[in-house]
Each structure stands twice: as C-alpha cells, then as structure tokens.
Amino acid sequence: MAKQQRRRSKREDSSGGSFVGRWIKRLFITGLVIGLLAVAALAIAVWTTKNSLPSYSSLKASEHGQTIVVRARDGREIVSIGPSYGRWLTYDQIPESMRNAMIAVEDRRYYDHYGVDPIGVLRSIKVRVESGAFRQGGSTITQQLARNIFLNNNKTFDRKVREAILALALERKFTKQQILELYLNKVYFGGGAYGIDSASRLFFSHPADELSVGEAAIIAGLVKAPSRYSPTADAEAAVGRAGTVLALMQQQGFITAGEAADVDLDTIELKPEYGQNSVRYFTDWVLPQLDFIVPDTFEPIEVWTTLDVGMQRAATTAIQNNVPKGAQGALVSLDRDGAILAMVGGTDYVESNFNRATDALRQPGSAWKLFVYLAALEAGFTPDTPVEDKPITIDGWSPRNSGGNYAGMIDVRAAFAYSKNTVAAQLGNEVGFGTVASMAQRFGITSPISTYPSMVLGASEVRVIDLTRAFAAVAAKGTSVEPYGITRVTSSSGELLYERRASREQLLVAPYVAAQATDLLQTAVSTGTGRAAQIGRPVAGKTGTTSSNKDGWFLGFSSGVTTGVWMGRDDAKRVPGLAGGSAPARAFADFMKVAVAKRPVEEFDTEVKLPAWQLEPDDEAWFGQPGDYYFVDEEGNRIEPYGGGPDGSYVAPPDDGWRPGDPRPGYEDDRGYRDGGYGPDGMSPAAPPAVDEDFLDRATGREEPQSGAGQQQQQGRQQGASNRQQQSGVRTDDTGVRVIDVQAALRDR
C-alpha cells in the first residue's frame with residue numbers, strides 16, 4: 001500500500017513538473033515567434049522606406065521652413081519671417097571642429113549606431129528617473145535629420161516610431177558622412193537661419209568654412225534651444241552653453257584640455273544686428289499663438305494683426321523720449337474691444353528683446369488702488385462719502401502718505417485723486433483685503449496676490465498688459481476685455497485658416513460702480529496726481545509709484561483707447577525722480593495725443609444709477625422692498641399712489657413737517673405720515689390700507705389653502721393658475737417684482 005502511494009506521488013510530481021515546463025516552453029516559443037515577426041515587420045518597413053526615400057541630390061535641393069508675413073491692421077507688411085539658407089558645404093568643406101562639436105553635444109555614439117541608439121535611449125530614461133524630468137534626449141543625429149526633413153515636432157508615439165524607421169532607412173541608404181553633411185546644412189539654428197553657413201553669416205559675419213573652435217561651439221549649442229541660446233538674444237546664455245559644448249568635446253577626446261583652455265568665448269565678436277525695431281516685441285508675443293490657432297502646415301501664411309503702425313511709431317517715440325537715463329520702459333495700448341494697437345517692450349529691441357510689456361512682473365504702487373476703490377464702491381461707498389485722512393495702524397502696519405501730511409476729513413473722490421495711502425488702507429481694511437484681491441483677479445490679474453494689509457498700496461507684482469486690461473474693463477463700463485493681436489490668418493493663396501470671433505463678455509462690476517470709478521479716475525487726472533497726462537480732452541487714469549522710486553506707472557483711457565505705461569530699471573534699483581505723475585504720465589500724454597487724434601471727443605458717463613438697495617431709506621420704503629408689487633396702467637407705466645407730474649415723474653405728497661411720534665392734539669383722526677397715520681405705538685407709520693381681498697384674489701390668482709377633500713381638486717386648479725394670472729394682468733419684472741396691470745385686473749373683476 002505504501003509503495004502504491006509513493007508511485008502515485010511520483011507520477012503527480014512528474015505530471016505537475018511537466019505541466020509547468022510545458023507552459024514555460026510555450027511562452028518562450030510564443031515570445032520568440034512574436035519577436036521574430038516584429039523583427040521581420042521592422043525589416044520590411046525599413047526596406048520599403050529605404051526604397052521610397054528621395055535621392056541624395058534631391059534632399060540637398062529641398063528647402064525646409066515656413067515663411068510668415070505679418071501685416072498691420074491696415075494690411076501693410078510689417079515683418080517677414082522665414083528661412084534663410086547659406087552656401088552648401090560638403091563634408092570636407094565643413095571645419096572638423098564644427099563636425100566634432102555637433103557630435104559631442106548631440107550624438108556622442110554617432111559612428112557606433114545604425115540610426116537608433118539603444119544605449120542613448122536607456123541613458124535618457126535613467127536621467128529621467130534620477131532627475132524627474134527629461135534632461136537628456138535619446139534621439140540621434142540621424143533621427144533629428146529624419147524629423148527635420150520628413151516629420152514635425154509632435155511628441156507622439158506614432159511620430160517616434162516613424163522617426164526610428166526613417167532613421168534606420170537613412171542609415172541603410174546613405175553613408176555617415178552624407179548624413180552628417182545633410183544635417184549640418186539643414187538644421188535650424190534660430191533667427192531664420194537653416195544650416196551652419198547661414199548661421200555663421202548671421203551671427204559672425206563670415207562663411208562657415210572659417211569658423212573657429214569657439215564659434216563652432218556656440219553654433220552647436222544652439223540646436224537644443226535656438227531662441228534661448230541665440231547670441232543676439234542672450235549672449236550670456238549662448239556663451240554658457242558653448243562652455244558646456246567645449247567640456248563635452250574635451251571629455252570625448254575631440255580637443256585637449258589645453259586647446260579647450262585656449263578658447264576665450266568672451267572675445268568672440270558677434271555681428272551687429274540692424275533693421276530691428278519695437279514691432280518685434282509685438283510679433284514675438286503674437287506669433288507663438290499660431291501654434292494653437294492654426295493647423296500644422298508648411299505652406300507660407302499671412303498673419304493679419306491689430307497693430308496700428310502709426311500708433312506703434314508714436315509709442316516707441318514716447319517711451320524713448322521720456323524714459324529716465326539708465327531705465328527701461330514699456331507701453332501697451334488697447335482698443336475698446338481689446339485689440340492691441342501698440343506694444344513696446346523696451347527702449348531698444350536690439351539691445352534687449354525681453355518683453356517688459358507682457359513678461360515682466362513689477363509692483364504697481366498706487367495704480368493698484370483701482371481695485372481697492374472698486375471693492376469699496378461695490379460695497380456701498382460713493383465718491384462723495386466722507387473719509388478721514390489720518391494716521392492709522394492695521395495689524396502693526398502704519399502707512400504714510402507721500403510727503404507725510406494728512407488732510408483730515410475729505411471725501412472718497414479727493415482721497416483717490418491725491419492718492420491718500422491712509423484712506424486706501426482704511427477702505428481695504430473695511431471691505432477686506434481678500435475682497436480687494438478677489439476684485440483684482442476678477443479684472444484679469446493673473447499673478448499671485450498677497451492679502452497682507454500693505455497689498456492695498458501695490459505690494460503684489462503685476463504685468464503691464466494685465467493692469468492695462470483692468471483699466472480697459474472700467475472704460476468698458478465694467479465689462480471684461482480680452483487683449484488680442486491676431487484677427488485672421490490666411491494661406492499664400494488666400495485660403496482662410498483662422499478668423500477671430502468676438503470673445504464672450506462678462507460683467508465684472510455693475511455699471512454704476514464703473515461709472516463711479518471713472519469719476520474717481522477722471523478727477524485724478526484733472527486735479528490730482530495725474531495732471532501731466534492731460535491731452536485737451538477727457539482723460540481718466542491713475543498714477544503709480546513704488547517705494548524708493550523703483551517703478552513709475554500711469555494707466556488711463558480716453559475716446560475708447562486704454563494705455564498703460566511703466567518705467568523702471570530691470571535690476572529694480574532706484575531711479576532718481578521717477579514717479580508715476582512725471583515721466584510715465586508724460587509718455588502717456590505724448591502717445592495718446594496721436595492715438596486719439598482722429599477719434600471724436602467722448603465725454604465720460606459718470607451718471608450713477610444706484611440699485612434699489614442703495615436708495616435712501618425714505619425712497620426705499622416708498623418704492624418698496626424686492627418682492628413687493630406695484631400697479632401699472634395699460635401702457636405698462638407705473639401708477640404712483642400720489643399721482644405723477646406732467647412728465648409722469650413721481651410727485652411726493654406735501655410735507656407738513658410732522659414726523660412719527662410728534663404729538664398732534666386735536667388731529668387724532670388725521671391720517672398723518674405718508675401712507676396714513678401712525679401705528680399703535682404712536683411712532684411708526686401705520687400700514688397702508690389694504691386692497692379688497694376679492695380684488696387681490698383675482699389679480700394674483702391666489703387660491704385658498706387646500707385641506708381634506710379639497711386637495712383632490714388641487715391638480716385641476718393648478719392647471720389653470722397660469723391662465724388666470726395672465727387674464728388678471730399679473731407678471732414679474734426683471735428684478736422679481738410682481739407687476740399688476742390695473743386695467744386688466746379691473747376688467748376681470
């Protein structure tokens with residue numbers, strides 16, 4: 001019996017082991033077959049692609065790149081951006097240092113792989129895991145050539161697969177020398193330059209066969225990011241990148257340590273750039289938007305923009321003529337719909353192409369008070385509300401006015417016009433600093449905003465274009481404004497590729513709040529700190545000056561044009577004498593005189609139409625609380641209980657001088673105050689006489705409460721409720737107030 005059990009156990013072990021082994025063998029064979037099929041499919045794909053590739057002479061003759069013509073709002077061509085090709089250099093004509101520099105920085109195993117470098121891919125993945133980002137690419141020079149000639153830069157798996165197949169096919173059809181020659185004559189180096197000869201002439205004013213080791217290192221370093229490392233855009237970044245290239249060349253044995261030390265990158269002379277102007281600040285901002293609004297195409301295109309050439313010229317002149325020595329300036333001007341009319345990002349685009357109008361973050365100073373006062377106006381303050389300019393302390397912070405003096409009791413209008421810091425602090429504390437921050441975000445401020453008390457004086461940094469947009473929204477009576485620069489894009493044949501549609505407007509604040517804010521802004525220019533911005537027609541605006549005169553601002557609007565001006569130093573050092581009411585206000589005036597010269601004079605609408613909740617208490621009681629009803633005639637006009645004047649306006653009852661609580665001996669039956677006498681307490685007005693209940697039932701369609709068997713009839717009664725209300729002349733207006741048509745109700749009665 002024991003022997004039989006041992007034999008059965010052996011058979012089970014043998015059977016089990018055989019089962020697992022068979023599955024492992026099957027999986028191995030399946031994987032091997034799939035692998036062989038994949039290799040066969042890849043080989044077929046590479047062979048097919050190789051046979052379909054153009055000849056070497058055809059690839060040399062083909063040009064790659066897109067021409068973009070940028071037009072102003074009147075159709076005038078302002079910039080033409082497109083590819084520039086230099087002389088074709090053969091492999092032997094290309095300096096050895098140029099070839100070695102490119103291999104060192106882009107593909108160190110160039111001569112050891114077959115188009116795709118598995119080791120390079122694994123190295124890239126390792127760096128990705130260690131650093132958390134792709135800091136080192138795995139594409140070979142051959143893959144980059146395939147992408148530049150045949151594909152686009154979309155980062156998709158499908159594109160990477162096709163790129164790999166093309167690279168393998170190129171390596172089968174052409175030699176390493178031919179591929180490197182194609183690459184160096186076709187790769188993009190920035191500034192419209194394709195190929196090393198074009199780049200050499202653009203940056204160094206001589207052909208590529210005369211490149212030195214240092215110059216070759218600079219050009220090789222451009223491939224990673226042509227715009228970031230361009231010598232004309234950022235010479236310091238270009239030199240730093242070239243130093244990395246030289247270190248890689250030394251590490252890989254292309255140059256010795258002594259040769260690397262002999263290269264002085266700081267002594268390399270760059271070609272001076274001519275023909276550039278401030279228009280490029282605008283085109284640099286607007287052209288990257290094409291990636292999001294125009295489908296992929298290599299066909300030449302024309303971009304129609306909002307830029308006004310005359311205004312752009314005036315803006316450039318205004319900044320250059322008024323900016324303090326050693327400082328920079330920026331200007332953005334918007335039409336009433338958000339169209340950018342002019343944009344200046346600095347005093348000289350050639351010296352610095354950094355766009356301070358769209359990219360720089362600077363403290364706005366008192367220009368930020370726009371949001372403080374908007375929040376206060378929305379909370380119920382008015383330009384005439386009395387406030388006290390006095391020393392205050394909020395959470396240990398004690399703001400001071402410019403000059404250190406205090407005016408005592410003034411109104412909100414004067415406090416804004418003369419930029420009283422203590423009043424702004426009191427208002428911010430009253431409405432809440434978070435409310436002020438929320439108001440700024442509502443008006444388009446996208447940068448971080450602090451909620452410390454000092455934020456009311458402009459401690460948070462903003463962009464010129466964002467703050468200008470906020471002032472434009474006030475000019476638009478509280479409606480949102482979205483800055484834009486492109487109106488349409490067409491192909492060279494005239495085909496419409498994109499056309500802008502008007503953005504959806506949002507009401508940011510009530511029109512009466514915007515009207516009151518405009519009142520404040522107009523006063524600031526006519527009698528306050530912004531007097532230098534006057535141009536002989538109505539102007540509303542606000543100055544801004546930061547501590548130690550580091551920043552000066554003026555932002556304002558007139559005749560549908562809103563303009564923001566900033567001045568200061570890039571290193572945020574003090575600029576003696578700089579204040580928002582001086583150079584920035586003068587630059588604003590110089591520009592606006594040209595910008596609005598052909599526009600009609602527009603008076604500001606500062607008439608305030610307050611909502612019901614801001615009416616005086618007596619008026620509020622007279623017109624009723626929300627939800628009350630009132631009577632209208634056949635024409636829909638309100639019937640006042642005490643009648644109206646000849647023009648239909650309300651005529652109040654005569655004031656007999658008596659008020660609730662006053663003794664009236666001998667007049668106990670007199671109805672007295674307004675709607676009829678006094679209540680039981682002798683102080684408060686008695687309720688007005690009730691309207692006949694039967695009349696109200698018919699007028700409002702009101703039903704008696706249902707109970708018992710009456711509830712069974714409720715469905716039938718509800719079905720006719722709407723019809724009865726229409727017959728009785730009851731409707732609800734836009735504010736939720738029930739309106740009763742008297743004539744219709746009486747007819748029904």
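Residue numbers count from 1 along this sequence.
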Got a list of side-chain donor-acceptor pairs under 3.5 Å for residues 550-557, not counting sequence neighbours?
unit_1, atom_1, unit_2, atom_2, d
Asp551, OD1, Thr546, OG1, 3.0
Asp551, OD2, Arg362, NE, 2.7
Asp551, OD2, Arg362, NH2, 3.0
Asp551, OD2, Trp566, NE1, 2.9
Trp553, NE1, Gln363, O, 2.8

With a 3.5 Å cut-off and sequence neighbours excluded, list the donor-acceptor pairs that the side chains of residues 414-423 form with protein atoms.
unit_1, atom_1, unit_2, atom_2, d
Tyr418, OH, Thr527, O, 3.1
Ser419, OG, Ser366, OG, 3.1
Ser419, OG, Lys369, NZ, 2.8
Ser419, OG, Lys542, NZ, 3.2
Asn421, OD1, Lys369, NZ, 2.6
Asn421, ND2, Arg400, O, 2.8
Thr422, OG1, Asp389, OD1, 2.4

Checklist line | Listed partners of Glu388 passing salt bridge (charged side-chain N to carboxylate O under 4.0 Å, His left out), at least two apart | finding: Lys390
Notebook entry, point to check: Considering residues at least two apart in sequence or located in another chain, which fulfil the salt bridge (charged side-chain N to carboxylate O under 4.0 Å, His left out) criterion with Asp590?
Noted result: none
Notebook entry, point to check: Considering only heavy atoms from C-beta outward, does the side chain of Thr306 approach that of Asp335 to under 4.5 Å?
Noted result: no
Notebook entry, point to check: Between Ala424 and Val372, what is the shortest heavy-atom contact and its length?
Noted result: O-CG1, 3.6 Å
Checklist line | With sequence neighbours excluded, residues passing side chain to side chain donor-acceptor pair (under 3.5 Å) with Arg488 | finding: none
Check: Would you say the side-chain atoms of Thr545 pair up with the backbone N or O of Asn549, donor to acceptor, closer than 3.5 Å?
Finding: no
Check: Tell me, do Ile301 and Thr490 make a side-chain contact under 4.5 Å, heavy atoms counted?
Finding: no
Check: What residue pairs, at least two apart or across chains, pass ring pair (Phe, Tyr, Trp, His ring centres under 6.0 Å) with a residue in residues 443-473?
Finding: none
Check: Quick one: are Ile68 and Val303 in side-chain contact, heavy atoms under 4.5 Å?
Finding: yes
Item checked: Contacts of type ring pair (Phe, Tyr, Trp, His ring centres under 6.0 Å), residue Tyr281, not counting sequence neighbours -> Tyr349
Margin query: Looking only at the side chains, is there a donor atom on one of Ser559 and Arg537 sitting less than 3.5 Å from an acceptor on the other?
Written below: yes
Checklist line | Partner set under side chain to side chain donor-acceptor pair (under 3.5 Å) for Gln312, not counting sequence neighbours | finding: Ser278
Next item on the list: Output every pair passing side-chain hydrogen bond (donor to acceptor under 3.5 Å, both in side chains) with a member in residues 463-472, not counting sequence neighbours, ordered by first then second residue.
Entry: Thr446-Arg463, Thr446-Asp466, Arg469-Glu482
Note to self: Check whether Thr487 reaches the backbone of Trp304 with its side chain - one donor and one acceptor, N or O, closer than 3.5 Å.
What the structure shows: yes
Notebook entry, point to check: Checking Arg313 side chain against Gly310 main chain: does a donor-acceptor pair fall under 3.5 Å?
Noted result: no
Next item on the list: Applying salt bridge (charged side-chain N to carboxylate O under 4.0 Å, His left out), name anything that partners Arg504, two or more places apart in sequence or on another chain.
Entry: none
Note to self: Can you list everything that forms a side chain to side chain donor-acceptor pair (under 3.5 Å) with Arg574? Sequence neighbours excluded, please.
What the structure shows: none
Item checked: By salt bridge (charged side-chain N to carboxylate O under 4.0 Å, His left out) - contacts of Glu505 (at least two apart) -> none
